*Asks:* 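Below you will find the structure I want to go over with you.
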Amino acid sequence: MRTIPITEQPPEKLPKRIEQLILQGENEVLDFKKEVTSEIKIAKTIVSFANHKGGRLLIGVNDNKSIHGINAEEELFMLEKAAGFYCRPKIELEIYPWHSGKKTILEVIIPQGTDKPYYSLGDDGKWWVYIRVMDQSLLASKVVVDVLKRGQTGTMVSFTS
């Protein structure tokens, strides 16, 4: 996991790139989280991105695109635990803290997986595969899991919610 140390204070103003991501809104490769409330829930989102094209989480941003801010150290702990213990195989994240005034957000980059399918541990103690469909993380069907296992390239699978 690659993280810029929290002690290295980034600029007080969000980079233009991050502002543009927030304005763009959630989609198949971008998700906003007000905060990480559960390692199990965030692992599901991380896995869905890894099983898709990869993606980016902005933690500390509300669904309405406003900056909520977070305690970065607490969120980092939960992200590291989710990616390492609740995702199988483990997923390497890149995490960057950004500041907007006195509020901190985390940019979490999830790479497209090279060892698909990726599983996340559910509340029921079972390992499940999730995929990204538009702006949602959805449980994958057995057919989709089979396609991911085979690593078929050039296969077009279209998903709708």
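Since we're looking at a predicted model, the values are computed, not measured. For reference, positions follow the sequence shown, starting with 1.
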*Asks:* Any heavy-atom pair between the side chains of V36 and L106 that's under 4.5 Å?
*Replies:* no
*Asks:* State yes or no: do L138 and V145 share one hydrophobic cluster built from I, L, V, M, F, W and Y residues joined by side-chain heavy-atom distances below 4.5 Å, directly or via other members?
*Replies:* yes
*Asks:* Rounded to the nearest 0.5 Å, what's the gap from CD1 on I95 to CD on E80? Could you check?
*Replies:* 6.0 Å
*Asks:* Report yes if the side chains of I131 and H52 come closer than 4.5 Å at any heavy-atom pair, otherwise no.
*Replies:* no
*Asks:* For residues C87 and I46, report the shortest heavy-atom separation together with the two atoms involved.
*Replies:* SG-CG2, 4.1 Å
*Asks:* Is there a donor-acceptor pair under 3.5 Å between the side chain of N64 and the backbone N or O of S66?
*Replies:* yes
*Asks:* For the atom pair CZ (F32) and CG (D135), what is the distance rounded to the nearest 0.5 Å?
*Replies:* 10.0 Å
*Asks:* Which atoms form the tightest heavy-atom contact between N51 and L148, and what is the distance?
*Replies:* O-CD2, 3.7 Å
*Asks:* Any non-hydrogen side-chain atom of V61 less than 4.5 Å from a side-chain atom of L21?
*Replies:* no
*Asks:* Would a hydrophobic clustering, with Ile, Leu, Val, Met, Phe, Trp and Tyr connected at side-chain separations under 4.5 Å, put I110 with W128?
*Replies:* yes
*Asks:* Between Y119 and V47, what is the shortest heavy-atom contact and its length?
*Replies:* O-CG2, 3.4 Å
*Asks:* Quick one: side-chain contact (heavy atoms from CB on, under 4.5 Å) partners of T37, sequence neighbours excluded?
*Replies:* E35, K41
*Asks:* Between L14 and I109, is there shared hydrophobic-cluster membership here, with clusters defined by ILVMFWY side-chain heavy atoms closer than 4.5 Å?
*Replies:* yes
*Asks:* What pairs of residues pass the salt bridge (charged side-chain N to carboxylate O under 4.0 Å, His left out) test when at least one of them lies in residues 114-123, not counting sequence neighbours?
*Replies:* none
*Asks:* Kindly indicate, with the supporting measurements, whether the criterion side-chain contact (heavy atoms from CB on, under 4.5 Å) is fulfilled by W98 and E19.
*Replies:* CA-CA 11 Å; W98 300 108; E19 289 177 353; over 6 Å; no
*Asks:* Give me the atom names and distance for the closest heavy-atom approach of G69 to K103.
*Replies:* CA-CB, 4.0 Å
*Asks:* Verify the cluster assignment for L30 and Y96: are they in a single hydrophobic cluster under the rule of side-chain heavy atoms below 4.5 Å apart?
*Replies:* yes
*Asks:* Determine, for K142 against D146, whether the closest basic-nitrogen to carboxylate-oxygen distance falls under 4.0 angstrom.
*Replies:* no
*Asks:* If I take atom CZ from residue F49 and atom CG from residue L57, how far apart are they, to the nearest 0.5 angstrom?
*Replies:* 5.5 Å
*Asks:* Could you state the interatomic distance from CD1 (I18) to CD1 (I67), rounded to the nearest 0.5 Å?
*Replies:* 9.5 Å
*Asks:* How many angstroms lie between CD in E75 and CD1 in I105, if you round to the nearest 0.5 Å?
*Replies:* 12.0 Å
*Asks:* Provide the closest heavy-atom pair for A50 versus Y118 in the form atom of the first, atom of the second, distance.
*Replies:* CB-CD1, 3.9 Å
*Asks:* Closest approach of P111 and I91, non-hydrogen atoms and distance?
*Replies:* CD-CG2, 4.4 Å
*Asks:* Taking the side chain as every heavy atom from C-beta outward, state whether K33 and V108 have any atom pair closer than 4.5 Å.
*Replies:* no
*Asks:* Measuring only between side-chain heavy atoms, which start at C-beta, is W127 closer than 4.5 Å to R88?
*Replies:* yes
*Asks:* Write out all pairs satisfying salt bridge (charged side-chain N to carboxylate O under 4.0 Å, His left out) with one or both partners inside residues 46-69, taking only residues at least two apart or from two chains.
*Replies:* E28-K53, R56-E107
*Asks:* At what distance, to the nearest 0.5 angstrom, does OG of S120 lie from CD1 of I42?
*Replies:* 11.0 Å
